[in-house]
Amino acid sequence: MSGVNAYDIALKLSRKIFLTPRVASLSYIYDEKNQTIDQSIIIYFKAPNSYTAEDVVEFQCHGGIRVANLIMNEVLKLGARVANPGEFTKRAFLNGRIDLSEAEAIQKLIEAKSDSAIKMLSRHLRGELKNFIENARDELLEIISYIEVAIDYAEEDLPQNIEEQIYAKLEKLTNSLEKILKNSKQRDGLLSGFKISIIGKPNVGKSSLLNKLLEYDRAIVSDIAGTTRDTIEEEIKIGTHIVKIIDTAGIREAKDEIEKIGISRSFEAVQNSDIVFAMFDNSKVADREDVEIFEFLKKQEDKKIFYILNKNDLPNKFNRDLIDGAIELNCKEDTSALVERLEEFLSGSFIDDELMLSSSRQIFAVSNALELLKDSYELVKNRELELFAFNLNEAIYHLASITRPFERSEILDSMFSNFCLGK
Ligand SMILES: Nc1nc2c(ncn2[C@@H]2O[C@H](COP(=O)(O)OP(=O)(O)OP(=O)(O)O)[C@@H](O)[C@H]2O)c(=O)[nH]1
Ligand SMILES: [Mg+2]
């Protein structure tokens, strides 16, 4: 419970005269008819030293949902109401306890898909992203103040090297924003969980690979080409990462309408993933369809592609030169060679000391600010200093939206509604 009446309600429920802040008190909980519901631990956090910066009371009751529900009912009868999703964190923000970058880190922490993600988010929680953004803002303010002095001068009185001086400052800032943006985009999968799609011609062993990775027979495997008709998504743990893996329908020139739809979903799956397992059959001669798959993969510049030559227990007929350095597997028996390479890639995708952004909202804000800064060079060159100052102010506005937005309600509503209930 959080809010001005939280403490009073807790006293009524426990029939206590007082609760010592930050002390775990063992207490019975009573209903309105004076019957005991449970014996539980009550902890009172006195404002402002709590998660929300308001009076907060926590109950640690016995397990199971029933006891908790009974206590909840009594709390509601005494005047409390059920919190909205993310309301505790929203109050923490509104009460100035945390900024938005920290609130987002809390949300992402709950959903984190890897140990490395947790480490990065805990840095955000310690305020590292906030400091980064505030430094950028201070540098922009410095340039603006510089400009404002310049605006007051007549053109001919301006120092000769004013352009270079502004350029130097601007360049430093542009570079650091570009860097954090690049890091964040490249390693997006780190926070949201990497997505891997398995693609290849029919019958190469894609579903066999999925099943082997999951260690149970999730997908139907058969020697009939075109067995998998629709994409199948599952989560697996690779080292300290939870990744989503998508088995797809084999790609070929299909006549069947349903198979065609399945195949277009296979291409979509590749487009939506960070990593591709491209599988070929060692026991067959490479043909036109294999080549077409290569052509398609060549265009997927931003994906990490693992080439796999499957069925290496059978005599080789596939032209190995086509996929030099492919991982050779027998999916029915052992996929460890692939898992090792994947694990290496996943852990290598995280560089400890590089700060990154944690949400598309933050990426959007930095991209907007960066665009404005890039446009500003031209303005300095043309001595359009007023417009230049305006641009920089706009950039500050975008950066501020990451930590403390100027126009709050819209951003806040959309952001906190993504939280899970009770946080
Ligand atoms: N010898 C051998 N057979 C394999 C291997 N991997 C899969 N197979 C067999 O190849 C056949 C096709 O396997 P699937 O996993 O269904 O192939 P798929 O790529 O999912 O095929 P579609 O769903 O039709 O696209 C099955 O009979 C598997 O048992 C392997 O490494 N060695
Ligand atoms: Mg299949």
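Counting convention: from 1, in listed order, for ligands and their atoms alike.
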(message) With a 4.0 Å cut-off on N to O distance, would you call E295 and K299 a salt bridge?
(response) no

(request) Measure from the ring center of F45 to the ring center of Y51 and say whether it is less than 6.0 Å. (result) no

(message) What I want to know is whether P202 and ligand 1 share at least one N or O pair that is separated by under 3.5 angstrom.
(response) no

(message) What protein heavy atom lies closest to atom 18 (P) of ligand 1? Include the residue and the distance to one decimal.
(response) K206 N, 3.5 Å

(request) Any atoms of ligand 1 less than 4.0 Å from a non-hydrogen atom of G226? List them with their elements. (result) 24 (O)

(message) Please determine whether a side-chain nitrogen of the Lys or Arg among E233 and K244 lies less than 4.0 Å from a carboxylate oxygen of the Asp or Glu.
(response) yes

(message) Please work out, at 4.0 Å between heavy atoms, whether the side chain, the backbone, both, or neither of N211 comes within that distance of ligand 1.
(response) neither

(request) Taking atom types as modelled, find out whether T248 and S197 have a side-chain donor-acceptor pair closer than 3.5 angstrom. (result) no

(request) May I ask you to identify the nearest protein heavy atom to atom 8 (N) of ligand 1, giving residue, atom name and distance to one decimal place in Å? (result) K311 CE, 3.8 Å

(request) Compute the centroid of each ring, for F296 and then for F267, and state whether the two points are separated by less than 6.0 Å. (result) yes

(request) Around atom 17 (O) of ligand 1, find the nearest protein heavy atom and jot down its residue, atom name and distance. (result) G205 N, 3.2 Å

(message) For the metal site, I want the angle between atom OG1 of T228 and atom OG of S207 with the Mg ion (ligand 2) at the apex, to 10°.
(response) 90°

(message) Under 3.5 Å between any N/O of N312 and any N/O of ligand 1: does that happen in this structure?
(response) no

(request) Report the C-alpha distance between E344 and R341 in whole Å, list the side-chain angles of each, state the deciding distance to 0.1 Å, and finish with yes or no for salt bridge (Lys or Arg N to Asp or Glu O under 4.0 Å). (result) CA-CA 5 Å; E344 208 178 289; R341 291 277 293 276; 5.2 Å; no

(request) Would you mind running through ligand 1 and noting each atom that sits below 4.0 Å from a heavy atom of G250? (result) 25 (O)

(request) Quick one: closest heavy-atom pair of L297 and I305, and the distance? (result) O-CD1, 3.6 Å

(request) Could you check atom 3 (N) of ligand 1 against the protein and tell me its nearest heavy-atom contact, residue, atom and distance included? (result) K332 CE, 3.5 Å

(request) Give the atoms of ligand 1, by number and element, whose distance to some non-hydrogen atom of L314 is under 4.0 Å. (result) 1 (N)

(message) To the nearest 0.5 Å, what is the distance between CG on N319 and CG on N282?
(response) 11.5 Å

(request) Could you check atom 14 (P) of ligand 1 against the protein and tell me its nearest heavy-atom contact, residue, atom and distance included? (result) S208 OG, 3.6 Å

(message) Among all protein heavy atoms in this structure, tell me which lies nearest to atom 6 (N) of ligand 1, with the distance rounded to 0.1 Å.
(response) N310 ND2, 3.2 Å

(request) Could you establish whether I224 and ligand 1 come within less than 4.0 Å of each other, counting only heavy atoms on the residue side? (result) yes

(message) Heavy-atom pairs closer than 4.0 Å: do any link ligand 1 to the side chain of A219, the backbone, both, or neither?
(response) neither

(request) Could you tell me which atoms of ligand 1, counted from 1 in the order shown, lie closer than 4.0 angstrom to a heavy atom of D223? (result) 27 (O)

(message) Checking S358 against E104: is there a side-chain donor and acceptor pair closer than 3.5 Å?
(response) no

(message) Suppose I only count heavy atoms of D313 and a 4.0 Å limit; which atoms of ligand 1 are within that range?
(response) 1 (N), 2 (C), 30 (C), 31 (O), 32 (N)

(request) Tell me which protein heavy atom sits closest to atom 28 (C) of ligand 1, plus the residue, atom name and distance to 0.1 Å. (result) V221 CG1, 3.6 Å

(message) Strictly below 4.0 Å, N to O, side chains only: are R229 and D256 in salt-bridge contact?
(response) yes

(message) As an exercise, identify every atom of ligand 1 less than 4.0 angstrom from a heavy atom of S207.
(response) 15 (O), 18 (P), 20 (O)

(request) Pick out which of L109, D99, L355 makes a side chain to side chain contact (heavy atoms under 4.5 Å, CB included) with H124. (result) L355

(message) Return the NE2 to CG distance between H398 and N368, rounded to the nearest 0.5 Å.
(response) 4.5 Å

(request) Check N95, D55, T52 against S2 for a side-chain hydrogen bond (donor to acceptor under 3.5 Å, both in side chains) and give me the one that passes. (result) T52

(request) Check if S222 has a non-hydrogen atom at a distance under 4.0 Å from any atom of ligand 1. (result) yes

(message) Given D334, N203, V204, identify the one with the heavy atom nearest to atom 22 (P) of ligand 1.
(response) N203

